[in-house]
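Down below is the structure, laid out as structure tokens.
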Amino acid sequence: MHRVRFAPSPTGFLHIGSARTYIFNWLFARHSGGTMILRIDDTDVGRNSDASETSIFDGLKWLGLDWDEQYRQSERLALHRAMADAIFEKGMAYRDFTPAQSGDSEKSGAQGTWLFNAGMRELSREQSDRRAAAGEPFALRFRVPHDRIGHVKFADAVYGEQAKAYADIEDFALLRSDGMPTYHLANCADDADLRITHIIRGQEHLSNAFKHQLIFDAAGATAPTFAHLPLLMAPDGMKLSKRVHGPVVSVTTYRDAGFLPQAFINFLCLLGWSPKNDREKLSREETVELFTLEGINRANAVVNFTEEEPFDPKALWLNAEHIRAMSPQDLARELVPFVPAGTDPEKLGKITPLIQERMKLLRDVQTVADFFFVDELPPYDPAELIPKKGDAAMAKNVLIKAREVLATAEFTHDALEAALRAASVELGIKAGQMFEPVRVAVCGRKTAPPLFGTLEALGREACLSRIAKAIEKL
RNA sequence: GGCGCUAUCGUCUAACGGUUAGGACAGAGCCCUCUCAAGGCUUAAAUACGGGUUCGAUUCCCGUUAGCGCUACCA
């Protein structure tokens, strides 16, 4: 039985990279009939925030991907310390009384890898105990066997066999001087305790996995299978970050713009994973069915966005595909939050099929169908009313004729079309020349949904009054 | 700097060591058409570079270059 976990730290908004990690974990669990675990990794007390946690839950709720068990890392500190103690008692960790390094002073120093703080590794147990008993603060560090020849090894389900020489791994911290576990320790202790079978997470942890392997080994636990995921990059080649790339990296931005959850999931899982059958648009069920770790590739993927167009064109296209695939009834329901409050559901039901294949985002209803929701059309240039190869006089004739015809015609798509086409014949003009002024009069612009359905949805009264107003303009 | 990872059209990707290197998005053009879409057709566009191994490398190996990640008492 596979057990996987998503373990976000509540220190920022739910990022699309994190969402993708969640999605892959979820797909793996559901595909294999396993267990999905949500674990809030909140050991960094200073940086945790409630807003961040809310954002994570909101985001996951919107995605609609459930989980089976939930934990909070901060409630499991005893477990973490027990593991640290066990490792310490085995002599595989030691106390480091060196005061915490102030910031990134020599972070990118050119003098090779830092391995440990001089003098601390060799402290005798007596000395160490005495200083600790005296209340001197210390961090607990893993005693990496630097002298040992050979490598720490593990098989990554995505990246294959991994090996790193003991001599290249620094004595990382297990416990901070305030007694709180570090990420490495807490992670491994929890993963072991929760009997996690597969750790599916971002590639930024690939190098950390050697340390984690060391911890699992030291604690006498079998390490889960690691499966690292290629990272999401910005178009400028940088790692996506809220700070430099803004709201495009936040899941709620996609939700608020009117992405369908499944379209968003579809887009994200195609970034770094392929069903290998040229399928692009996938339903949730199909994705679960097709998902395997073998389909994950190794190169980072870039999410395209610009100042003008904040969403990846492929994400937009997929969203449009999913929108078109919905029943108009379902779509109308999704549209409700994007439409003026109090919009008549019946009217929305009439409008929806007219705009369904003209939308990329749900919020597009506001620009594509705006004229349905106002009593009075915003001002437009009367010149717009003049049809191709025509003049103001023709426009006026058309509108007067249209007003006459529409006053009596049955207000259904087919009847309307027949009536207006007949009218154009009567006037001796092309059908297009007939439709264009009517469209502008009724919609306030030249590009709009199909005319007859629009007239029908708008209703006789509104059409007639808008045409009358247009005639006045000429 | 050290260590790790990666490299196919602009982007996402496909290709038992043998294909005219395929698909999709975005672009261009045509068709359809009451405008706009949608749809159909067409088009342009890639194996980073250099060495091997092999009858034959996108595919395997080595090097170079480039990018990314880690190198914290953040995660």
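Residue numbers start from 1 in every chain, and the chains themselves are labelled A, B, ... in the order their sequence lines are given, proteins ahead of strands.
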What contact category does [X] fall into here, base, sugar-phosphate, or nothing, at under 4.0 angstrom with non-hydrogen atoms?
| X | result |
| --- | --- |
| A:Arg324 | sugar-phosphate |
| A:Pro230 | nothing |
| A:Lys430 | nothing |
| A:Pro449 | base |
| A:His228 | nothing |
| A:Gly272 | sugar-phosphate |
| A:Arg298 | sugar-phosphate |
| A:Thr98 | base |

Do [X] side-chain and [N] base share a donor-acceptor contact under 3.5 Å?
| X | N | result |
| --- | --- | --- |
| A:Ser177 | B:C73 | yes |
| A:Lys276 | B:A14 | no |
| A:Glu280 | B:G23 | yes |
| A:Arg358 | B:C36 | yes |

Provide the distance between the two [atom1] atoms, one in [N] and one in [M], to the nearest whole Å.
| N | M | atom1 | answer |
| --- | --- | --- | --- |
| B:G2 | B:U58 | P | 32 Å |
| B:C41 | B:G18 | P | 30 Å |
| B:U53 | B:C62 | P | 15 Å |
| B:A37 | B:C30 | P | 14 Å |
| B:G10 | B:C16 | C1' | 31 Å |
| B:G39 | B:U19 | P | 34 Å |
| B:A15 | B:G22 | P | 14 Å |
| B:C55 | B:U47 | P | 26 Å |

**Asked** Is it true that A:His245 and A:Phe305 have ring centroids separated by less than 6.0 Å?
**Response**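 Ring centres of A:Phe305 and A:His245 closer than 6.0 Å.
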**Asked** Between A:His212 and A:Phe172, does the ring centre distance come in under 6.0 Å?
**Response**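 No, the ring of A:His212 stays outside the 6.0 Å limit from the ring of A:Phe172, centre to centre.
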For [X] and [N], what is the distance between atoms [atom1] and [atom2] respectively, to the nearest whole Å?
| X | N | atom1 | atom2 | result |
| --- | --- | --- | --- | --- |
| A:Leu240 | B:G69 | CG | P | 11 Å |
| A:Leu232 | B:G69 | CG | C1' | 14 Å |
| A:Asp236 | B:C68 | CG | P | 9 Å |
| A:His212 | B:G4 | NE2 | C1' | 14 Å |
| A:Trp317 | B:G23 | CH2 | P | 14 Å |
| A:Leu115 | B:G1 | CG | P | 18 Å |
| A:Asp278 | B:A21 | CG | P | 17 Å |
| A:Phe311 | B:U11 | CZ | P | 22 Å |

**Message:** On the six-membered ring of A:Tyr71, is A:Arg76 placed so that its NZ or CZ lies under 6.0 angstrom from the centre and within 45° of the ring axis?
**Reply:**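 Checked: cation-pi criterion met.
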**Prompt:** How far does NZ of A:Lys211 sit from CG of A:Leu174, to the nearest 0.5 angstrom?
**Reply:**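 Answer rounded to 0.5 Å: 11.5 Å.
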**Request:** Determine the sole option in A:Ile265, A:Leu270, A:Leu271 for which the side-chain contact (heavy atoms from CB on, under 4.5 Å) test with A:Phe267 is passed.
**Result:**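 Testing A:Phe267 for a side-chain contact (heavy atoms from CB on, under 4.5 Å) against A:Ile265, A:Leu270, A:Leu271 leaves exactly one candidate, A:Leu271.
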**Item:** Opposite nucleotide pairing with B:C49, Watson-Crick or G-U, both atom distances under 3.5 Å
**Value:**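 B:C49 is paired with B:G63.
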**Request:** Without swapping roles, check the side chain of A:Glu456 against the backbone of A:His413 for a donor-acceptor pair under 3.5 Å.
**Result:**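 Checking the backbone N and O of A:His413 against the side chain of A:Glu456, a donor-acceptor pair under 3.5 Å is found.
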**Request:** Please check if any side-chain donor atom of A:His151 sits under 3.5 Å from a side-chain acceptor atom of A:Asp168, or the reverse.
**Result:**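 Judged by distance alone, the side chains do not pair up.
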